[in-house]
Amino acid sequence: MLHLNCDSGHKSRMTACFRALCCKGPPPARPEYDLVCIGLTGSGKTSLLSKLCSESPENVVSTTGFSIKAVPFQNAILNVKELGGITFTILSTSALDFTRADNIRKYWSRYYQGSQGVIFVLDSASSEDDLETARNELHSALQHPQLCTLPFLILANHQDKPAARSLQEIKKYFELEPLARGKRWILQPCSLDDTDALKDSFSQLISLLEEKGHEAMRM
């Protein structure tokens with residue numbers, strides 16, 4: 001009769017392997033957060049989100065109406081609803097009526113419902129007039145009933161351009177300290193050339209979203 005003798009160490013290793021194979025379930029699902037992304041036309045919203053999704057820059061076109069992108073991160077998935085600054089109405093087969101961006105922005109609030117966080121993109125190298133308009137829009141968003149309690153990620157885009165304002169200049173010009181006091185907001189520089197910094201900015205936003213989620217669970 002043939003007897004198979006296994007040492008205890010070998011048995012332990014086989015048992016551990018068996019348990020690892022049988023008991024290891026699928027990885028836990030990453031939490032998903034619904035965000036709204038706003039900013040003036042030309043601020044770079046579409047390009048930045050496409051960069052995070054590893055999409056080719058040649059395929060990037062300005063958003064008309066709105067678009068939704070699922071932006072994956074290691075610890076979360078961000079479902080970002082980007083609202084465009086301009087849209088158009090087809091009047092005939094050969095004519096397009098381009099609507100002014102300021103008229104379209106009046107309808108942004110229709111898409112705020114269900115948002116858990118806000119991404120506001122501004123062009124830090126824009127003209128004084130556009131910067132003033134961006135400031136007014138950011139102030140409106142920070143005070144909007146559906147957004148005022150949500151975490152904000154404010155991205156000062158186009159920092160690679162010579163005319164870009166510094167973060168301190170933007171913070172002062174936008175009056176963020178007095179206006180956003182008591183709110184949860186992050187002001188970060190960014191450009192398409194610095195993907196790591198862009199991802200770090202979104203990681204900070206995810207941390208704020210996680211804090212909010214824990215607060216809701218405690219309630």
Side-chain angles (χ1 to χ4, degrees), residues 33 35-52 57 60 62-63 69 71 73 78 80-86 100-102 104-106 108-109 111-112 115-144 146-209 211-212:
Y33 300 101
L35 309 179
V36 62
C37 179
I38 54 180
L40 304 190
T41 302
S43 60
K45 304 184 299 296
T46 307
S47 296
L48 292 176
L49 292 175
S50 297
K51 185 79 170 181
L52 289 171
V60 173
S62 295
T63 299
K69 287 185 183 295
V71 186
F73 288 88
L78 304 182
V80 183
K81 183 188 296 179
E82 180 203 344
L83 307 185
I86 59 172
R100 285 175 54 84
D102 54 354
I104 296 305
R105 290 196 299 272
K106 291 189 297 187
W108 278 356
S109 59
Y111 302 94
Y112 290 167
S115 299
Q116 296 168 278
V118 183
I119 304 162
F120 189 95
V121 183
L122 63 95
D123 180 359
S124 60
S126 65
S127 67
E128 289 293 332
D129 287 343
D130 283 348
L131 208 63
E132 175 71 17
T133 304
R135 180 176 71 171
N136 293 337
E137 293 300 335
L138 178 57
H139 285 197
S140 296
L142 284 166
Q143 297 171 352
H144 194 279
Q146 289 179 290
L147 304 181
C148 62
T149 61
L150 304 181
F152 272 70
L153 171 60
I154 306 166
L155 294 173
N157 195 18
H158 298 150
Q159 284 290 308
D160 53 326
K161 295 184 178 181
R165 282 85 167 176
S166 68
L167 285 193
Q168 283 304 117
E169 289 174 313
I170 290 171
K171 187 183 293 186
K172 182 177 180 181
Y173 184 82
F174 277 70
E175 301 175 299
L176 286 174
E177 292 292 358
L179 182 69
R181 185 175 292 118
K183 301 180 185 292
R184 294 170 301 145
W185 57 275
I186 306 164
L187 172 63
Q188 288 289 301
C190 72
S191 71
L192 285 177
D193 296 333
D194 196 344
T195 306
D196 290 339
L198 182 62
K199 289 181 177 179
D200 180 66
S201 299
F202 275 79
S203 294
Q204 293 183 51
L205 175 60
I206 291 172
S207 295
L208 291 181
L209 292 166
E211 289 175 9
K212 184 65 177 177

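Index from 1, following the sequence. No hydrogens, no waters, no symmetry mates; every other heavy atom, side chains included, goes into these values.
Shown here are the ring pair (Phe, Tyr, Trp, His ring centres under 6.0 Å) partners of His144, two or more places apart in sequence or in another chain: Tyr112. Applying the salt bridge (Lys or Arg N to Asp or Glu O under 4.0 Å) criterion to Lys69, with sequence neighbours excluded, gives Glu55.
Inter-residue side-chain proximity for Phe174 and Ile154 is flagged as unmet; no heavy-atom pair is nearer than 4.5 Å. The side-chain heavy atoms of Leu52 and Phe73, taken from C-beta on, include a pair separated by under 4.5 Å.
Rounded to the nearest 0.5 angstrom, Leu153 CG and Cys37 SG are separated by 9.0 Å. Residue Leu155 holds its CG atom at 5.5 Å from OG of Ser201, rounded to the nearest 0.5 Å. Distance check, rounded to the nearest 0.5 Å: NZ of Lys51 to OG of Ser191 gives 9.0 Å. One finds the CG atom of Leu131 at 10.0 Å from the CG atom of Asn136 (value rounded to the nearest 0.5 Å). For the atom pair OG1 (Thr133) and CG (Leu138), the distance works out to 12.5 Å, reported to the nearest 0.5 Å. Ile38 contributes atom CD1, which lies 6.5 Å from atom CG of Leu147 (distance to the nearest 0.5 angstrom).
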Q: Begin with the C-alpha distance, continue with both residues' side-chain angles, and end with the deciding distance and a verdict on side-chain contact (heavy atoms from CB on, under 4.5 Å) for Val36 and Leu150.
A: CA-CA 11 Å; Val36 62; Leu150 304 181; 6.0 Å; no
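Smallest separation of non-hydrogen atoms from Leu49 and Phe202: CD2-CZ, 4.4 Å. Nearest heavy-atom pair across Ala156 and Leu167 is CB-CD2, 4.0 Å. Nearest heavy-atom pair, Gln143 versus Cys148, reported as atom, atom and distance to 0.1 Å: C-CB, 4.2 Å. Closest approach of Gly39 to Ser43, counting heavy atoms only: C-OG, 3.9 Å. Nearest heavy-atom pair, Tyr173 versus Glu132, reported as atom, atom and distance to 0.1 Å: OH-OE1, 2.8 Å.
Identified under the side-chain hydrogen bond (donor to acceptor under 3.5 Å, both in side chains) test for residues 157-167, with sequence neighbours left out: Asp123-His158, Ser124-Gln159, Glu128-Arg165, Ser166-Glu169.
A distance-only check finds no donor-acceptor pair linking the side chain of Ser47 to the backbone of Gly44 [under 3.5 Å].
Residue Phe152 is tested with Leu205, Ile119, Val118, Ile186 for a side chain to side chain contact (heavy atoms under 4.5 Å, CB included); the sole match is Val118. Checked against Glu177 for a salt bridge (charged side-chain N to carboxylate O under 4.0 Å, His left out), the options Lys183, Lys171, Lys172 give a single hit: Lys171.
Remark: the Thr46 side chain and the Glu82 side chain contain an N/O donor-acceptor pair separated by less than 3.5 Å.
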